Asker: 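One structure, pasted below without further comment.
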Amino acid sequence: MRVLKTAKTQLGNIIELLGKPDNKNILIIGVIHGDEPQGEFLIKTYLEKFSEKENLPLFIPCLNPDGKQLGTRTNANLVDLNRNFPTKNWAEGQTKEGFLKGSPYYGGEAPASEIETQFLIDTIEQYTPKLVITLHTPYKIVNYDGPAEKIAQMISKIIKYPVEKSIGYPTPGSFGTYCGVERNIPTITLEMDEKIPVAELVQPVHKIFDLLKI
């Protein structure tokens, strides 16, 4: 897979978008939260199977390498990237206890203030994917935003997690709201089991990736 674009983070780590320039259909993202590293492993082990000639989705294996390095949900600036997107409800997160600075859900000084957030926004604008999947833990559900219920049901049949339209709690400034609700791009948040070895997720998650091959 080719490196299509990169960005350097606060700690000097590199974020990469992998794929082929003409693969604009689907984008799969790992490690939005640094303490949820499973997505990067699943993406990288999947890519090891294929040659440069394969028509695969676009991948960002690790959006938050600083958080992964630090072992934190947030990035190096203590911002939860999944509360930092420029949504209509972003400001709500700055007025409620639990989302303020110092909490693990802090949305930043301003929407899209973070390098990582802007990298993903720029990727969406440049490649205009028709479907985006983010890989998270730990809730064992297939959450969706925007017109993604059909693909959510297909993914549910593979991984045996229930489909949920709501994650169950407020998420101001979330990527799902930014991409799925406000831009009408089908968006899946695949919440995987964090209590099992990541190797046990390889078979179902790679089967989901196969479903999405162009």
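These figures come from a predicted structure and were not determined experimentally.
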Asker: Please name the pair of heavy atoms, one in W90 and one in E109, separated by the smallest distance, quoted to 0.1 Å.
Answerer: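 Between these two residues, the closest heavy atoms are CH2-O, 3.9 Å.
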Asker: Closest heavy-atom contact between N84 and S113?
Answerer: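 For N84 versus S113, the nearest heavy atoms are ND2-OG, 3.1 Å.
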Asker: Just so I know, are the side chains of I155 and Y144 near enough to count as touching, which here means a heavy-atom distance under 4.5 Å?
Answerer: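 The answer is no, as the side chains (C-beta and beyond) never meet within the 4.5 Å cut-off.
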Asker: Would you confirm whether T128, through its side chain, and E125, through its main-chain N or O, come within 3.5 Å as a donor-acceptor pair?
Answerer: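 Pair absent, no side-chain N/O of T128 close to backbone of E125.
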Asker: Determine yes or no for a side-chain-to-main-chain donor-acceptor pair under 3.5 angstrom, with S156 supplying the side chain and Y161 the backbone.
Answerer: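 Here the side-chain-to-backbone pair exists.
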Asker: Consider side-chain hydrogen bond (donor to acceptor under 3.5 Å, both in side chains). Of T137, N64, D80, which one does H33 pass it with?
Answerer: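 For H33, the side-chain hydrogen bond (donor to acceptor under 3.5 Å, both in side chains) check succeeds only for D80.
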Asker: Quick one, T6 with I15, criterion side chain to side chain contact (heavy atoms under 4.5 Å, CB included). Give me CA distance, side-chain angles, the key distance, then yes/no.
Answerer: CA-CA 5 Å; T6 64; I15 308 168; over 6 Å; no
Asker: Do you know which of T189, I43, I32 makes side-chain contact (heavy atoms from CB on, under 4.5 Å) with L135?
Answerer: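 It is I43; the other options fail the test.
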Asker: N89 side chain to G173 main-chain N or O, any donor-acceptor pair under 3.5 Å?
Answerer: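 It does hold such a pair.
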Asker: Could you see if V181 belongs to whatever hydrophobic cluster contains I121? Use Ile, Leu, Val, Met, Phe, Trp, Tyr and a side-chain cutoff under 4.5 Å.
Answerer: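 They do not share one cluster, since no chain of ILVMFWY contacts under 4.5 Å joins V181 to I121.
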Asker: For residues K130 and P186, determine if any side-chain heavy atom of one lies less than 4.5 Å from a side-chain heavy atom of the other.
Answerer: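 No, every pair of side-chain atoms sits at 4.5 Å or beyond.
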Asker: About how many Å separate CD of E36 and CE of M192, when rounded to the nearest 0.5 Å?
Answerer: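 M192 CE to E36 CD: 8.0 Å, rounded to 0.5 Å.
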Asker: State, to 0.1 Å, how close F99 and G93 come at their nearest heavy-atom pair, and which atoms those are.
Answerer: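 Looking at all heavy atoms of both residues, the closest pair is CB-O, 2.6 Å.
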Asker: Between K44 and E48, is there a salt bridge with N-O shorter than 4.0 Å?
Answerer: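 A salt bridge is absent here (no side-chain N lies under 4.0 Å from a carboxylate O).
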Asker: Using distance alone, with no hydrogens and no angle criterion, decide if N82 and S174 have a side-chain donor and acceptor under 3.5 Å apart.
Answerer: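 No pair is found: no donor N or O on one side chain lies under 3.5 Å from an acceptor on the other.
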Asker: Which distance, rounded to the nearest 0.5 Å, do you find between the CD1 of I124 and the CZ of F119?
Answerer: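 Rounded to the nearest 0.5 Å, the CD1-CZ separation comes out at 11.0 Å.
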Asker: Are F209 and F59 near enough that their ring centres are under 6.0 Å apart?
Answerer: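 Close enough - the centres of the two rings lie under 6.0 Å apart.
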Asker: Would you find a donor on one side and an acceptor on the other, under 3.5 Å apart, between the side chain of S103 and the backbone of K101?
Answerer: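 Side chain of S103 to backbone of K101, a donor-acceptor pair under 3.5 Å: no, none is there.
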Asker: Between the side chains of E116 and N75, is a donor N or O closer than 3.5 angstrom to an acceptor N or O?
Answerer: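 Yes, a side-chain donor-acceptor pair sits under 3.5 Å.
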Asker: Is the shortest side-chain heavy-atom distance between T45 and H206 below 4.5 Å?
Answerer: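 Result yes, sub-4.5 Å side-chain heavy-atom pair found.
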Asker: Kindly compute the distance separating CG (L70) from OG1 (T72), expressed to the nearest 0.5 Å.
Answerer: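 Spacing of CG (L70) from OG1 (T72) equals 5.0 Å.
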Asker: How about NZ on K207, more than 12 heavy atoms from neighbouring residues, nucleotides or ligands closer than 6.0 Å, or not?
Answerer: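 Counting neighbours around NZ of K207, 12 or fewer heavy atoms of other residues, nucleotides or ligands fall under 6.0 Å, so no.
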Asker: Please determine whether salt bridge (Lys or Arg N to Asp or Glu O under 4.0 Å) holds for the pair K88 and E182, giving the CA-CA distance in whole Å, both sets of side-chain angles, and the decisive distance to 0.1 Å.
Answerer: CA-CA 8 Å; K88 295 175 183 176; E182 296 188 0; 5.5 Å; no
Asker: For a side chain to side chain contact (heavy atoms under 4.5 Å, CB included) check, start with the C-alpha distance between H136 and L190, then their side-chain angles and the critical distance, and finish with the verdict.
Answerer: CA-CA 6 Å; H136 288 262; L190 179 58; over 6 Å; no
Asker: Would you kindly confirm whether L18 and L131 end up in one hydrophobic cluster when ILVMFWY residues are joined by side chain heavy atoms under 4.5 Å apart?
Answerer: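 Looking at the clustering, L131 is in the same group as L18.
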Asker: Mind checking whether I196 and L201 have side chains closer than 4.5 Å, heavy atoms only?
Answerer: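 A side-chain contact exists here, since the closest heavy-atom pair is under 4.5 Å.
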Asker: To the nearest 0.5 angstrom, please state how far the CG atom of L4 sits from the CG atom of L17.
Answerer: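 Answer rounded to 0.5 Å: 5.0 Å.
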Asker: T134 versus F175: any side-chain heavy-atom pair under 4.5 Å?
Answerer: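 In short, these two side chains touch, coming nearer than 4.5 Å.
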Asker: Do R83 and Y106 form a cation-pi contact, if we require the NZ or CZ to be under 6.0 Å from the six-membered ring centre and within 45 degrees of the ring's axis?
Answerer: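 No - R83 does not lie over the ring of Y106 by the 6.0 Å and 45° rule.
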Asker: Would you mind reporting whether N13 and K8 have side-chain heavy atoms less than 4.5 Å apart?
Answerer: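 Not touching, per the 4.5 Å side-chain cut-off.
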Asker: Which atom pair, heavy atoms only, marks the closest approach of P147 to N184?
Answerer: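 Residues P147 and N184, closest heavy atoms: CD-OD1, 3.3 Å.
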Asker: Work out which heavy atom in E191 is nearest to a heavy atom in P138; give both atom names and the distance.
Answerer: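 Heavy atoms only, the tightest pair is OE1-N, 3.1 Å.
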Asker: I'd like to know whether NZ of K150 has more than 12 heavy-atom contacts from other residues, nucleotides or ligands below 6.0 angstrom.
Answerer: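 No, because the 6.0 Å sphere around NZ of K150 holds 12 heavy atoms or fewer from other groups.
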Asker: Side chains of D210 and Y46, heavy atoms from C-beta outward: is any pair under 4.5 Å?
Answerer: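 SC-SC contact between D210 and Y46 confirmed.
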Asker: What is the distance from atom CD1 of I133 to atom CD1 of I28, rounded to the nearest 0.5 Å?
Answerer: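 Nearest 0.5 Å value for the CD1-CD1 distance: 5.0 Å.
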Asker: Given the rule that I, L, V, M, F, W and Y join up when any side-chain heavy atoms are under 4.5 Å apart, are I26 and L47 in one cluster?
Answerer: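 Yes, because I26 and L47 connect within a single hydrophobic cluster, where side-chain heavy atoms sit under 4.5 Å apart.
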Asker: Out of curiosity, does L81 fall in the hydrophobic cluster containing L11 (side-chain heavy atoms, cut-off under 4.5 Å, transitive links)?
Answerer: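 Each belongs to a different hydrophobic cluster.
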Asker: Main chain of V79, side chain of N77: is a donor-acceptor contact present, judged purely on distance under 3.5 Å?
Answerer: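 Checked: no pair found.
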Asker: Is the shortest side-chain heavy-atom distance between V132 and I188 below 4.5 Å?
Answerer: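 In short, these two side chains do not touch, never coming nearer than 4.5 Å.
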Asker: Using atom types as modelled and distance alone, determine if a side-chain donor or acceptor of R183 lies under 3.5 Å from a backbone N or O of Y178.
Answerer: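 Such a contact is found between R183 side chain and Y178 backbone.
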Asker: Under the criterion side chain to side chain donor-acceptor pair (under 3.5 Å), I'd like the reasoning laid out for N143 against K165: C-alpha separation, chi angles, the key distance, then a yes or no.
Answerer: CA-CA 5 Å; N143 172 240; K165 185 170 177 58; over 6 Å; no
Asker: Should the heavy atoms of other residues, nucleotides or ligands under 6.0 Å from NZ of K140 be counted, would the total exceed 12?
Answerer: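 No, the 6.0 Å shell around NZ holds no more than 12 heavy atoms from other groups.
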Asker: Going from CD on E92 to OG1 on T171, what distance comes out if it is rounded to the nearest 0.5 angstrom?
Answerer: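 E92 CD to T171 OG1: 10.0 Å, rounded to 0.5 Å.
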Asker: Quick check: is L63 connected to Y127 through a chain of hydrophobic side chains (ILVMFWY, heavy atoms under 4.5 Å apart)?
Answerer: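 Shared cluster, yes.
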Asker: Minimum heavy-atom separation for P65 and T9, please, with both atom names.
Answerer: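 Closest pair (atom of P65, atom of T9, distance): CG-CG2, 3.7 Å.
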